[in-house]
Amino acid sequence: THTKGCLLSCTTNQFIHTDYGPWTRTCLTLVLQSQGHVAHVFQATALCQYLEGHNEELRLQDAKVLEIGAGPGLVSIVASILGAQVTATDLPDVLGNLQYNLLRNTLKRTAHLPEVKELVWGEQLEQNFPRSAFYYDYVLASDVVYHHYFLDKLLATMMHLSHPGTVLLWANKFRFSTDYEFLDKFKQVFDVTLLAEYPESSVKLFKGILKWD
């Protein structure tokens with residue numbers, strides 16, 4: 001599958017090879033645990049392309065970045081290669097695979113080795129990510145909104161991780177009514193800008209900054 005600046009090829013043994021343009025000069029290899037991770041990677045590509053194309057504007061070098069629902073870790077890998085200090089988060093059962101992918105693709109390639117941390121949306125947020133101790137310049141998310149029952153907890157997590165100055169970048173395929181319902185709630189608490197839209201895949205990329213008034 002070809003997209004701007006990126007080549008993705010999936011194989012039946014659940015490996016995916018990604019070749020990202022001039023800044024890596026190399027092939028990234030991900031191990032995918034499920035078919036759902038294949039869909040995740042294709043949505044994550046939109047966010048990766050944005051990070052690559054706006055790296056200087058975003059000032060990712062040494063920026064503190066957290067990814068929500070990192071899955072196989074593509075976005076975290078790309079952010080790390082672009083110079084960010086990355087914390088990749090997800091549920092406990094995928095952390096081993098996530099850690100493997102991050103090490104395989106960033107070891108000796110990045111200034112900051114990415115960290116992997118458990119994050120269950122809406123659960124023990126202040127205990128595990130105390131606002132007084134954790135600050136992120138960017139919170140990244142892709143393919144986190146779909147037909148599941150944790151959307152309110154996801155929004156609460158996004159709000160908890162956002163400080164004054166934190167920019168949330170969220171890419172998602174819009175296919176269910178619940179996706180648009182979440183977007184409406186997202187706009188109630190974040191100042192939202194549509195950064196990019198990909199009609200062929202129904203993926204939209206949003207920038208959100210938490211409202212503080």
Side-chain angles (χ1 to χ4, degrees), residues 18 20 23-24 28 30-33 37 40-41 43-48 50-52 54-55 58-145 150 153-172 186 190 205-210:
T18 73
Y20 277 94
W23 44 264
T24 61
L28 306 180
L30 302 181
V31 178
L32 307 183
Q33 285 185 304
H37 276 176
H40 175 95
V41 166
Q43 294 185 51
T45 299
L47 183 48
C48 291
Y50 186 83
L51 297 178
E52 176 192 4
H54 297 80
N55 186 23
L58 296 172
R59 298 181 180 179
L60 289 175
Q61 186 70 44
D62 300 324
K64 295 187 186 313
V65 172
L66 180 139
E67 184 183 6
I68 297 174
L74 178 59
V75 172
S76 287
I77 291 167
V78 170
S80 294
I81 291 174
L82 291 171
Q85 303 177 54
V86 175
T87 301
T89 69
D90 213 314
L91 297 172
D93 60 337
V94 302
L95 294 186
N97 185 68
L98 174 59
Q99 179 75 70
Y100 174 83
N101 284 335
L102 291 177
L103 285 175
R104 176 174 183 145
N105 291 283
T106 64
L107 195 61
K108 297 182 180 179
R109 295 184 188 176
T110 61
H112 309 285
L113 204 59
E115 178 186 1
V116 170
K117 231 183 149 172
E118 177 183 331
L119 175 56
V120 180
W121 298 340
E123 303 294 331
Q124 299 180 315
L125 295 176
E126 185 57 31
Q127 177 180 332
N128 296 327
F129 296 86
R131 290 181 58 83
S132 60
F134 288 88
Y135 173 85
Y136 299 101
D137 300 295
Y138 293 95
V139 174
L140 308 179
S142 57
D143 190 35
V144 291
V145 176
F150 305 102
K153 290 185 175 183
L154 170 61
L155 186 59
T157 301
M158 290 175 164
M159 294 172 63
H160 178 83
L161 295 170
S162 296
H163 289 72
T166 299
V167 175
L168 193 150
L169 299 176
W170 164 42
N172 221 93
F186 184 72
F190 285 87
L205 173 61
F206 294 98
K207 168 185 173 181
I209 298 176
L210 190 64

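We number each residue from 1, following the sequence as shown.
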To the closest 0.5 Å, what do you measure between [atom1] ([X]) and [atom2] ([Y])?
X    : Y    : atom1 : atom2 : result
H163 : D137 : NE2   : CG    : 11.0 Å
L82  : N55  : CG    : CG    : 4.5 Å
L210 : L161 : CG    : CG    : 10.5 Å
N101 : L32  : CG    : CG    : 7.5 Å
T45  : Q43  : OG1   : CD    : 9.5 Å

Which residues share a side chain to side chain donor-acceptor pair (under 3.5 Å) with [X], sequence neighbours left out:
X    : result
E115 : none
H160 : none
K117 : none
N128 : none

Taking C-beta and beyond as the side chain, do [X] and [Y] meet within less than 4.5 Å on heavy atoms?
X    : Y    : answer
M158 : V144 : yes
F206 : N172 : no
T166 : Y135 : yes
K207 : F190 : no
L102 : V86  : no
N105 : L30  : yes
L113 : L107 : yes
W170 : F186 : yes

Note to self: What verdict does the side-chain contact (heavy atoms from CB on, under 4.5 Å) test give for T87 and Y136, after you've listed the backbone C-alpha separation in whole Å, the side-chain angles of each residue and the deciding distance to 0.1 Å?
What the structure shows: CA-CA 9 Å; T87 301; Y136 299 101; 4.2 Å; yes
Show the nearest heavy-atom pair for residues [X] and [Y], with the distance to one decimal.
X    : Y    : result
A46  : L205 : O-CD2, 4.4 Å
P92  : V120 : CD-CG2, 4.3 Å
L168 : S162 : CD1-OG, 4.3 Å
L47  : A171 : CB-CB, 4.1 Å

Check: Taking atom CZ of R131 as the centre, does the number of heavy atoms from other residues, nucleotides or ligands within less than 6.0 Å exceed 12?
Finding: yes
Item checked: CZ/F150: more than 12 non-hydrogen atoms of other groups inside 6.0 Å -> no
Expected list for residues 60-74: side-chain donor-acceptor pairs under 3.5 angstrom, two or more places apart:
residue, atom, partner, partner atom, Å
D62, OD1, H112, NE2, 2.6
E67, OE1, S76, N, 3.1
E67, OE1, S76, OG, 2.6

Next item on the list: Check whether any side-chain N or O of T110 sits under 3.5 Å from a backbone N or O of I81 as a donor-acceptor pair, and report yes or no.
Entry: no
Notebook entry, point to check: Would a distance-only check, ignoring hydrogens and angles, find a side-chain to backbone donor-acceptor pair under 3.5 Å from Y138 to L58?
Noted result: yes
Next item on the list: Step by step, work out the side-chain contact (heavy atoms from CB on, under 4.5 Å) result for V75 and V78.
Entry: CA-CA 5 Å; V75 172; V78 170; 5.9 Å; no
Note to self: The criterion is side chain to side chain contact (heavy atoms under 4.5 Å, CB included); which residues satisfy it with P164, sequence neighbours excluded?
What the structure shows: W212
